[in-house]
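Below, chain A is the first sequence line, B the second, and so on; all start at residue 1.
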Amino acid sequence: MSAALRWTLLLWVFVATQAVAAVTMPADEPPTICGRKLDVAAELSWRQLWPELGLQRVLREPGSLPAPEVPRVVQGVAKKFRFLHPDAVGQPDSLVFLQVLDDIAQGRRTLQSVDWGVVANQEERRVDILETEKEGAIRFDCKAAQTPPMYREDIARLARVLEKIQNFANTAPLMVINATVALREKQATDLLRNGLTMTPWEMKLNERFLSDDDARSGFNRQIIFLRPSAGTEMNTRSRAAADLQGSLAIEPIGMVWYLDPEKNDYREWVGVSALVTSSTDGGLGYGALVRYGNFAAGLALHKAENGGRDDVYLFLGVDLMNLLDSKRSDLEAFVEKYRGRVRQLK
Amino acid sequence: MADKNLLFFIHGIGQQRDGWIDADDGPVKALDKAMGLYECFPAGTKLRDVVDVVEVRYDDIFDDQIQRWTDQVKGLPVGGPGTDWVAKLQEFWTRANTDKKTFTDFGGDIILYRGFDLLARSVRLRVNKILLAEIYKRHLDSLASGKRAPEVTVVAHSMGTAVTYDSLFSLFTGSWFAQGDEVLAQAKMTDEQKALFAQALKDIESPAGTSVPVRLNALFMVANTSRLLSRWDAAQVNPILKPGAATRSFYNVNHALDPVGRVQPFQIPSDWNKSRARNIAVTHLHQENIHALSHYLANPAVHGRLFSAVLGEEGGFTQVCFDRALELADTPEWKALGGTLATQAQGEIDKVRKKLEEIAAALDQEDLFGLIERLDEFNRRVIGGAA
């Protein structure tokens with residue numbers, strides 16, 4: 001292969017790898033300490049650190065630093081500090097800073113557990129960095145006249161660098177938690193809005209199915225308890241008494257099961273309940289009811305008043321009644337068509 | 001320079017509307033006006049020029065539930081045997097639904113939130129969804145621009161303090177990272193989104209060991225009801241929310257004459273970092289409705305610390321301006337009488353002060369019902385204008 005072709009190929013490979021690593025290099029944003037914005041130290045600029053810490057190799061789009069890469073990157077920051085300030089590594093603030101970085105590199109604490117913010121406390125007139133429960137914080141006293149030594153300013157600059165590294169490390173967990181919370185919120189809303197409306201006392205009872213942990217899914221079944229509803233009843237035994245009568249039904253106990261609630265947004269369910277009905281002519285009846293969605297139907301046994309046979313009433317919930325009513329003209333046309341066919345055959 | 005920081009407002013009792021934060025008596029206008037007190041802000045600077053403001057609304061969850069209960073009883077038949085109770089239920093819910101504002105203003109929201117965990121859970125998830133969606137969006141923006149991710153400050157008011165307290169506890173303790181398989185199976189995502197999500201699950205490596213990657217720069221709890229209305233014990237929640245954990249700074253803001261923060265008042269735990277957790281007790285009297293969020297925010301003791309949190313020196317709110325805010329907070333105008341009340345006749349002012357003192361003092365029970373009783377009286381005599 002000629003030298004020219006070799007160099008051309010190398011150039012194309014270089015350009016191609018830069019195109020793949022499309023994560024934006026962070027901007028240099030050194031912190032402000034006690035009203036003074038620190039300048040960008042060349043050795044601690046992103047132009048220098050980006051390749052030194054190997055970030056362009058390991059970051060995934062849109063800017064995610066996988067957890068296994070964090071220790072190595074953090075070790076790189078510690079190494080940089082030691083390189084720049086070999087004489088200051090024994091200073092108290094340096095010891096704290098390097099100890100925290102070492103803890104992260106060795107897996108004794110996480111990057112997220114440390115607050116990398118350069119936090120101005122205007123009330124106390126100071127700036128705090130690296131506030132941790134164990135070590136306290138590295139503080140800059142704004143009441144002090146003198147400029148802090150360079151190694152302390154570099155700790156502040158590196159805290160800002162680590163804040164941005166933490167930002168990369170936060171991408172994956174933020175994506176996961178954002179999607180999870182959104183899903184659970186939708187499911188909680190769907191249950192209330194689309195599911196079978198619970199009475200206040202049913203709501204209190206069904207809360208027992210809920211976990212204290214909001215991250216876990218809600219419930220897929222729902223207790224029915226002393227649930228009132230409206231419908232109509234019809235005496236199935238006596239044609240003479242087979243008028244539709246308005247009925248107040250109470251379901252003393254029952255259960256509803258949501259069908260594939262995550263896929264159906266809690267819009268579909270089946271259920272079964274005990275049933276007590278009260279209609280004007282039939283009095284009280286006892287039986288059972290089944291439901292599919294908002295359609296409910298049941299049978300209730302009404303005691304005969306004059307010692308005769310008990311009557312069985314068909315109970316239809318109001319939604320089912322309305323559905324049948326709306327289909328009645330279709331039904332009548334069908335029946336008429338069927339009768340017509342039968343006459344023709346005869 | 002970093003992009004603008006984020007400021008969330010979480011409302012309290014009562015019906016809100018979309019855009020409640022921009023209402024004439026809302027928090028944004030109060031802070032716009034406050035900015036005029038400081039030389040740090042060029043003339044005409046508004047809050048939204050320097051901060052990204054997000055409103056959090058959850059009251060529709062209660063409205064919808066009242067509507068559902070009303071619809072549920074409306075269809076029940078009356079007139080038959082044993083149906084008297086039905087008529088009473090219908091009357092109650094119809095009235096609650098027709099006059100939702102009164103229902104919620106007089107403590108209905110509190111009963112629904114505290115009484116029904118299914119509703120409270122929905123509220124918590126709503127609040128957390130809004131917070132996280134905005135934080136994540138701005139996080140992605142910061143990756144694209146290379147700038148710092150925004151710092152997050154939350155201002156919660158009245159019942160919103162309990163909602164925030166509970167929501168944040170749920171956020172920081174929930175097993176969010178252990179639900180990956182269910183999310184992949186159940187969430188409606190494109191194939192590309194599923195691939196990204198699956199990769200993210202691999203990248204976090206250890207669901208049990210992953211902490212929530214959010215830290216609030218500051219949390220302002222205004223007219224704090226969290227101790228009374230939270231569903232969890234303070235001993236569980238406080239270690240999670242304390243400065244140095246989920247928050248950097250925590251402000252417990254109450255008014256001496258506001259009945260809302262006085263029933264089982266929140267106490268900052270003694271082991272919290274005193275330089276980061278503060279009580280701000282205001283006493284100013286600039287309008288009758290001292291419970292309003294805008295009345296609190298107007299006080300320099302409150303807004304000075306808020307500007308410090310959301311802007312700080314890097315955002316242009318200098319130490320000089322912060323000191324000015326604390327100086328103003330110490331003046332008679334902000335310790336006592338001012339605003340629209342200052343121009344009233346002394347007799348009227350005395351009547352208002354006496355009314356507020358009576359309401360704040362009168363209480364039979366130091367519990368949920370005591371709070372509702374106080375709210376009832378406050379709404380009737382202050383908001384409603386009765387003597």
Subject >> Option in A:T189, A:D115, A:N206 with maximal non-hydrogen atom pairs under 4.5 Å from chain B >> reply: A:D115
Original post:
Just how far is it from atom CZ of A:R216 to atom CD of B:Q179, taken to the nearest 0.5 Å?
Top reply: 7.5 Å
**OP:** Measure A:D260 against the heavy atoms of chain B and call it side chain, backbone, both or neither at under 4.5 Å.
**Re:** neither
Original post:
Which atoms of B:L118 come close to chain A, meaning under 4.5 Å heavy atom to heavy atom: side chain ones, backbone ones, both, or neither?
Top reply: both
Subject >> Atom pair CG (B:D203) and CG (A:L65), whose distance is rounded to the nearest 0.5 Å >> reply: 8.5 Å
**OP:** May I ask you to decide whether B:R276 forms a salt bridge with A:E124, counting only side-chain N to carboxylate O separations under 4.0 Å?
**Re:** no
Subject >> Heavy-atom donor-acceptor pair, A:E207 side chain to B:D117 backbone, under 3.5 Å >> reply: yes
Original post:
Quick one: what part of B:Q319 sits under 4.5 Å from any heavy atom of chain A, side chain, backbone, both or neither?
Top reply: both
Original post:
Does any heavy atom of chain B fall under 4.5 Å from the side chain of A:C34, the backbone, both, or neither of them?
Top reply: backbone
Original post:
What residue in B:Q193, B:H139, B:E313, B:K202 has the most heavy-atom pairs under 4.5 Å with chain A?
Top reply: B:H139
**OP:** Taking the side chain as every heavy atom from C-beta outward, state whether A:E123 and B:L326 have any atom pair closer than 4.5 Å.
**Re:** yes
**OP:** Rounded to the nearest 0.5 Å, what's the gap from CG on A:N121 to OG on B:S249? Could you check?
**Re:** 6.5 Å
Subject >> Option that, when pairs with chain A are counted at under 4.5 Å, heavy atom only, ranks first among B:F322, B:W176, B:F197, B:F317 >> reply: B:W176
**OP:** Heavy-atom distances under 4.5 Å only: say whether A:D212 touches chain B with side chain, backbone, both or neither.
**Re:** both
Subject >> Enclosure of B:D233 CG (heavy-atom neighbours >12, cutoff 6.0 Å) >> reply: yes
Subject >> Salt bridge present between B:K147 and A:E29 (N-O < 4.0 angstrom) >> reply: no
Original post:
Does a side-chain heavy-atom distance below 4.5 Å link A:M203 with B:W69?
Top reply: yes
Subject >> Student check: side-chain heavy atoms of B:S275 and A:R126 closer than 4.5 Å >> reply: yes
Subject >> A:T24 and B:S145, any side-chain heavy atoms less than 4.5 Å apart >> reply: no
Original post:
Do B:L171 and A:I177 come close enough that some side-chain heavy atom pair is under 4.5 Å?
Top reply: yes
Subject >> Top contributor to chain B contacts, counting heavy-atom pairs under 4.5 Å, from A:A120, A:P68, A:A179 >> reply: A:P68
**OP:** Heavy atoms only, distances under 4.5 angstrom: which of B:R278, B:K188, B:Q199, B:M189 has the most pairs with chain A? Name it, please.
**Re:** B:R278
Original post:
Should A:T171 and B:L143 count as side-chain neighbours, where that means a heavy-atom distance under 4.5 Å?
Top reply: yes
Subject >> Side chain, backbone, both or neither of A:F219 within contact of chain B (heavy atoms, under 4.5 Å) >> reply: side chain
Original post:
Please walk me through it: do B:R231 and A:D214 pass salt bridge (Lys or Arg N to Asp or Glu O under 4.0 Å)?
Top reply: CA-CA 13 Å; B:R231 81 180 291 268; A:D214 287 345; over 6 Å; no
Original post:
What do you reckon, is CZ of A:R47 surrounded by more than 12 foreign heavy atoms closer than 6.0 Å?
Top reply: no
**OP:** Among A:Q122, A:E262, A:E185, single out the residue with the greatest number of heavy-atom pairs under 4.5 Å to chain B.
**Re:** A:Q122
Subject >> Euclidean distance, B:K137 NZ relative to A:L174 CG, rounded to 0.5 Å >> reply: 14.0 Å
Original post:
Got A:R184 and B:E182 here, is their nearest side-chain heavy-atom distance under 4.5 Å?
Top reply: yes
Subject >> Proximity breakdown for B:D166 and chain A, heavy-atom pairs closer than 4.5 Å >> reply: neither
Original post:
Based on non-hydrogen pairs under 4.5 Å, which of B:A245, B:S142, B:S175, B:A144 is most in contact with chain A?
Top reply: B:S175
Original post:
Are A:R36 and B:E314 within salt-bridge range, i.e. N to O under 4.0 Å?
Top reply: no
Original post:
Hey, which of A:K263, A:Q166, A:E163 has the most heavy atom pairs under 4.5 Å with chain B?
Top reply: A:E163
Original post:
Counting only heavy atoms not in A:R108, do more than 12 fall under 6.0 Å of its CZ?
Top reply: yes
Original post:
Is it the backbone or the side chain of B:R126 that comes under 4.5 Å from a heavy atom of chain A, or both, or neither?
Top reply: both
Subject >> Atom pair CG/CG of A:L192 and B:L119 - distance to nearest 0.5 Å >> reply: 6.0 Å
**OP:** Measure A:E69 against the heavy atoms of chain B and call it side chain, backbone, both or neither at under 4.5 Å.
**Re:** neither
Original post:
Between B:R121 and A:D213, is the closest basic N to carboxylate O distance under 4.0 Å?
Top reply: no
Original post:
Which answer fits A:K164, side chain, backbone, both or neither, if we ask what part of it has an atom under 4.5 Å from a heavy atom of chain B?
Top reply: side chain
Subject >> Check: A:T197 main-chain N/O paired with B:Q72 side-chain donor or acceptor under 3.5 Å >> reply: yes
Original post:
Looking at CD of A:Q112 and CZ of B:R215, how far apart are the two atoms once the value is rounded to the nearest 0.5 Å?
Top reply: 9.0 Å
**OP:** Using a strict 4.0 Å threshold on nitrogen-to-oxygen distance, state whether A:R125 and B:D323 make a salt bridge.
**Re:** yes
Subject >> Largest heavy-atom contact set with chain B, pairs under 4.5 Å, which of A:V176, A:T180, A:L183, A:N170 >> reply: A:V176
Original post:
Is any side-chain heavy atom of A:M198 less than 4.5 Å from a side-chain heavy atom of B:Q65?
Top reply: no
